[in-house]
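Scope of the values below: all heavy atoms of this structure, side chains included, with no hydrogens, waters or symmetry mates.
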Amino acid sequence: MLSGQILDAMISSCENAKSVLRQAAIDPSDRKTLNISMGATVAAEMLGRTPEALSKAEARGRLPAPKTASNGRRYYTVEDLIAIREALGIKMGKAPDERAVVLAVQNFKGGVSKSTTAKHLADYLGLRGYRVLVVDCDPQASMSVMFDVNLEAMVDETHTLSNFLSPRMDDADSFRKTIQKTAWPNIDICPANLGLQDTEWELTATIEEGPDAIAGAFRMLRIGLEEVRHDYDVVILDPPPAMGFLGVNTLTAADGLLIPVPARQLDYLSTIHFMQTCREAMSLVSRFDTSIDYGFIRVVCTMFQPNRTNEAQMLQVMEKTYAGQLLSTPILLSEEIKNAGLQMSSIYEINKPYGSHQTYVRCRDNLNMVFREVEKDICKQWPSRIGQLGTDRLTEAA
């Protein structure tokens, strides 16, 4: 059998298996649905209130009575949080005249938990009440799969990110048409599709067309996002693990960078190369566009195992060398995150822990601490929110 035939057979077999795996992960629904329920303590934390404040507001009739489980415990859904913010006048995100913060979660090294971190950050911000747009710029489309985008249905779709970015599409439609709804009421996605790899090659071909064409190719995503930056609070970019034209597009479009790095020597050394390449790319782009500047650059230690001496030592090296840019809390390695991933979900979308409840709570609380730091960096980019920082409205009187 020829190599091409062998690959065709393998692809066909894998496609069939993928359908089975997807059905098992999302069963019993054909599409992913959001079935998050949280107790009063978790809901209050996401609302910036206390459980007592919620109880008082409900007792006074300012809020409807909460849902109750069979054991009598109060619980809330994502939709409930949205309704509560509306009823209590809790304003999240930017002012109407401000623009969304665009954050790229990027590192070249594989296995650093790039897409997993981006997915969990998006879900955390969704729970906190922000309007989020996720843009999957990676042809591998891991982020799109986690948000349950039907990639097969996009093969013949003309309103895709690949078509929008393609320099051969002279009459490309608006960027807004590439956006799809997700199971989350306040998270949308611009999914990746198989055509992104072809688009990378097409963008590369603009090198032969001169400086103006190159400058335009570098700014395609940035220009597209301008259409929707007043519609969202945060745009999260999941770039490809390489600094081609797609990677440069994400760097050019971003207001901030979040760099995931495990506390392992090889990952640390690889990230030095990534940062050098980023700097070179920024210098290159500055020849055509001098307005690129990041409001913040942060490094987050991922998959950290504090009981391992070598990782604890490596974390100390990271704290010394990242010049105050390292988030103070590392993301701990957790089987809960791995098991949630098997269900194409984040830890925030899972109601029932796979292990002990204590492990699940520890994992969720750890992620909350990490992303709270990122949230503060995001809010600092909006003049309307600067005065509110440090006063995370935990009030007894709702």
Do other residues, nucleotides or ligands put more than 12 heavy atoms under 6.0 Å from the CG atom of Leu266?
no

Sequence neighbours excluded, the answer for salt bridge (charged side-chain N to carboxylate O under 4.0 Å, His left out) partners of Arg176 is Asp231

Residue set satisfying side-chain hydrogen bond (donor to acceptor under 3.5 Å, both in side chains) with Trp382, at least two apart, ordered chain then number -> none

Residue pairs passing the salt bridge (charged side-chain N to carboxylate O under 4.0 Å, His left out) test with at least one member in residues 350-369, sequence neighbours excluded, are none

Holding to ring pair (Phe, Tyr, Trp, His ring centres under 6.0 Å), I want the full list of residues that pass it with Phe108, two or more places apart in sequence or in another chain.
Phe274

Who passes side-chain hydrogen bond (donor to acceptor under 3.5 Å, both in side chains) against Ser345, sequence neighbours left out?
none

Would Glu375 and Arg128 satisfy salt bridge (Lys or Arg N to Asp or Glu O under 4.0 Å), going step by step from the backbone distance to the final call?
CA-CA 10 Å; Glu375 181 184 2; Arg128 286 283 289 147; 3.0 Å; yes

side-chain hydrogen bond (donor to acceptor under 3.5 Å, both in side chains) pairs, two or more places apart, involving residues 110-119:
Lys114-Asp238, Ser115-Asp238, Lys119-Asp123, Lys119-Glu349

Remaining members of the apolar cluster that contains Met303, side-chain heavy atoms under 4.5 Å
Leu333

For Asp80 and Tyr75, run side chain to side chain donor-acceptor pair (under 3.5 Å): C-alpha distance rounded to whole Å, both residues' side-chain angles, the deciding distance at 0.1 Å, then the answer.
CA-CA 9 Å; Asp80 290 334; Tyr75 73 92; over 6 Å; no

Non-neighbouring partners of Tyr124 that pass ring pair (Phe, Tyr, Trp, His ring centres under 6.0 Å), sequence neighbours left out
Phe371

Residue list, side-chain hydrogen bond (donor to acceptor under 3.5 Å, both in side chains) with Thr329, at least two apart or on another chain:
none

Sequence neighbours excluded, the answer for salt bridge (charged side-chain N to carboxylate O under 4.0 Å, His left out) partners of Glu336 is none

Identify all side-chain donor-acceptor contacts of residues 314-324 below 3.5 Å with residues at least two apart in sequence or on another chain.
unit_1, atom_1, unit_2, atom_2, d
Thr321, OG1, Tyr268, OH, 2.8
Thr321, OG1, Val317, O, 2.8

For the hydrophobic clusters of this structure (ILVMFWY residues joined by side-chain heavy atoms under 4.5 Å, transitively), does one cluster hold both Leu258 and Ile189?
yes

Tyr360 and Pro353: which non-hydrogen atoms are nearest, and at how many Å?
CB-CB, 3.3 Å

Tell me the closest heavy-atom pair linking Lys94 and Arg131, and the distance in Å.
NZ-NH2, 3.6 Å

Would one find more than 12 heavy atoms of other residues, nucleotides or ligands at under 6.0 Å from atom CD of Glu79?
yes

Can you name the nearest heavy-atom pair linking Pro306 to Leu332, along with the distance?
CD-CD2, 4.0 Å

Is a side-chain donor or acceptor of Asn249 paired with a backbone partner of Leu221 at a separation under 3.5 angstrom?
yes

Could you tell me which residues satisfy side chain to side chain contact (heavy atoms under 4.5 Å, CB included) with Ala281, sequence neighbours excluded, listed by chain and number?
Met243, Val248, Leu251

Using the side chain to side chain donor-acceptor pair (under 3.5 Å) rule, take Ser328 and Glu373 through it: C-alpha gap first, then chi angles, then the decisive distance, then the call.
CA-CA 8 Å; Ser328 62; Glu373 291 188 64; 2.7 Å; yes

